[in-house]
Amino acid sequence: MKRMIMATGALALGLSPAWAQNFNDPEEFAKQQEQLQATAEGPEGQPWLQHIGSDMTEMPGLDLASGATVCFSNAGVNNPWRVVGFTNMTEELKNHSSIENFIHVDAEGSDDKQIADIDDLLAGGDCDVMIVSPNTTAALTPAVERACEAMPVIVFDRGVNTDCPETFVHPVGGYGFGIQGAEFIVDQLDEGSNVLMLRILPGVDVLETRYSAGRRILDEAGMNVVGAEFTDGDNAKTKSIVEDYLMRGTIDAVWMDAGATAVAAIEAFEDSGYDIPVFVGEDQQDFLRKWQDEDITAIAPTYPAYQWRTAIIAASRVIEGGELPAPEWVLPQPAITQDTLADYVNPAMPPLHYAMCGCEEMEGYPEAWGGN
């Protein structure tokens, strides 16, 4: 039986990163555009085990006297996508007898706290492998580099500006997400159409690159971007922003860098008596159901929550030995379209469940995810 250990961070430390990252990289844009069309290698029907374009590296394994302790420094469990993902992770642990202890520390969306958390884990000396999901890219880079000096590190979800981890687990990426949504809008509308871009928060690599890719495609197609506003992931603020723009003029499409507040944005159109425009959401159940019920012209790019399973699988291969895609484990990143929508709408799951979880065959499904 695995022992779940919850640890807490010490006092937050000050930040002094001297890092900068280009979130509008034409080469990475082109690379991810190509990866979206690539055929992934790996077991059919198990995208969390598949990979795109990476070389395989043989891990020698850790010579441990007993089961390993895996420490996880988490940016947070502060939105529904991360809640679904963390459930994936804890359920995946049940499949790996080589992992005896799992220590999870929650940074609660704070760079300072996550840096302190990582330093606490290093000082404690209990970790054999560390998994890190960084809160922001530049700020966490030095802390991840310190961890790499002490043990094998797996980074997933959001990246850092160093290649010291054993691998970086992630779907195709933010450029890919932005490309899928913006290309859909361009395909649906005429040049000069009005597009409102809704964002969640600044500074996170996968969100910044979603925006830069989407903006590039919309601008190149001659779309009129009427605004790009941060919603903070808040439903009330999202509705207020949309209502404000509707008072200024017509909105033909809404592009979002994450779909947690997509239903709130749709309701702003309904409450104001407007037709629902072309919409870019995500694979959250409430949006998928709204899309189906209202017959919206929409697409749901995804940042699959099944990657949380892959992070544990990668750690187990470091512990046990085995092949690991490196320096990146690039997972497939499908979008949900009108043709596939019915496959992902599931009334048995809660509204905030993310459909691209890859969890349907796991032992605890659906109850562990709040389903029935």
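What you see below is based on every heavy atom in this structure, not just the backbone, and it leaves out hydrogens, waters and symmetry mates.
Contact of the L352 side chain with the P350 side chain is not registered, since no non-hydrogen atoms from C-beta on lie closer than 4.5 Å. Within the 4.5 Å cutoff, the side chain of F72 has heavy atoms near those of the F102 side chain. Taking the side chain as every heavy atom from C-beta outward, L288 and L341 approach each other to under 4.5 Å. You'll find the side chain of E100 stays beyond 4.5 Å of the side chain of T69, heavy atoms only. With contacts defined as side-chain heavy-atom distances shorter than 4.5 Å, the pair E282/P301 does not qualify. Counting heavy atoms from C-beta on, the side chains of E166 and M59 come closer than 4.5 Å. When side chains are defined from C-beta on, I251 counts as touching L246, because their heavy atoms get closer than 4.5 Å.
Remark: the E360 side chain and the Y365 side chain contain no N/O donor-acceptor pair separated by less than 3.5 Å. With 3.5 Å as the limit, one finds no donor-acceptor pair spanning the side chains of E183 and Q188. Between the side chains of E28 and Q32, at least one donor N or O lies within less than 3.5 Å of an accepting N or O. Side-chain contact of D111 with N135: a donor-acceptor pair under 3.5 Å is present, judged by distance alone.
By the 30° and 60° cut-offs, the orientation of the rings of W308 relative to F86 is perpendicular. Using the six-membered ring where Trp is involved, Y303 and W81 have ring planes that are tilted, between 30° and 60° apart.
Classification of D232 and K237 as a salt-bridged pair holds, one side-chain N sitting under 4.0 Å from a carboxylate O. Taking 4.0 Å as the cut-off between side-chain N and carboxylate O, R289 and D293 do not count as a salt-bridged pair. At a threshold of 4.0 Å, the pair E58-R317 does not count as salt-bridged, since none of the basic side-chain nitrogens sits closer than that to a carboxylate oxygen. The residues D286 and K290 are annotated as not salt-bridged, no charged nitrogen and carboxylate oxygen being separated by less than 4.0 angstrom. R82 and D157 are joined by a salt bridge, as a carboxylate oxygen and a charged side-chain nitrogen come within less than 4.0 angstrom of each other. At a threshold of 4.0 Å, the pair K31-E328 counts as salt-bridged, since one of the basic side-chain nitrogens sits closer than that to a carboxylate oxygen. Between D271 and K239 there is a salt bridge, with a side-chain nitrogen of the basic residue lying less than 4.0 Å from a carboxylate oxygen of the acidic one.
The side-chain contact (heavy atoms from CB on, under 4.5 Å) test with M197 singles out one residue from L218, D257, V254, and that residue is L218.
Annotation: cation-pi pair R215/Y211 absent, no NZ/CZ under 6.0 Å from the ring centroid and within 45° of its normal. Geometric assessment of R216 against the ring of F29 yields a positive cation-pi assignment under the 6.0 Å and 45° thresholds.
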Chi angles and distances behind the side chain to side chain donor-acceptor pair (under 3.5 Å) call for D106, N74: CA-CA 5 Å; D106 181 355; N74 190 357; 5.3 Å; no

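Listed by chain and number, the residues in a side-chain hydrogen bond (donor to acceptor under 3.5 Å, both in side chains) with E320 are S98 (sequence neighbours excluded).
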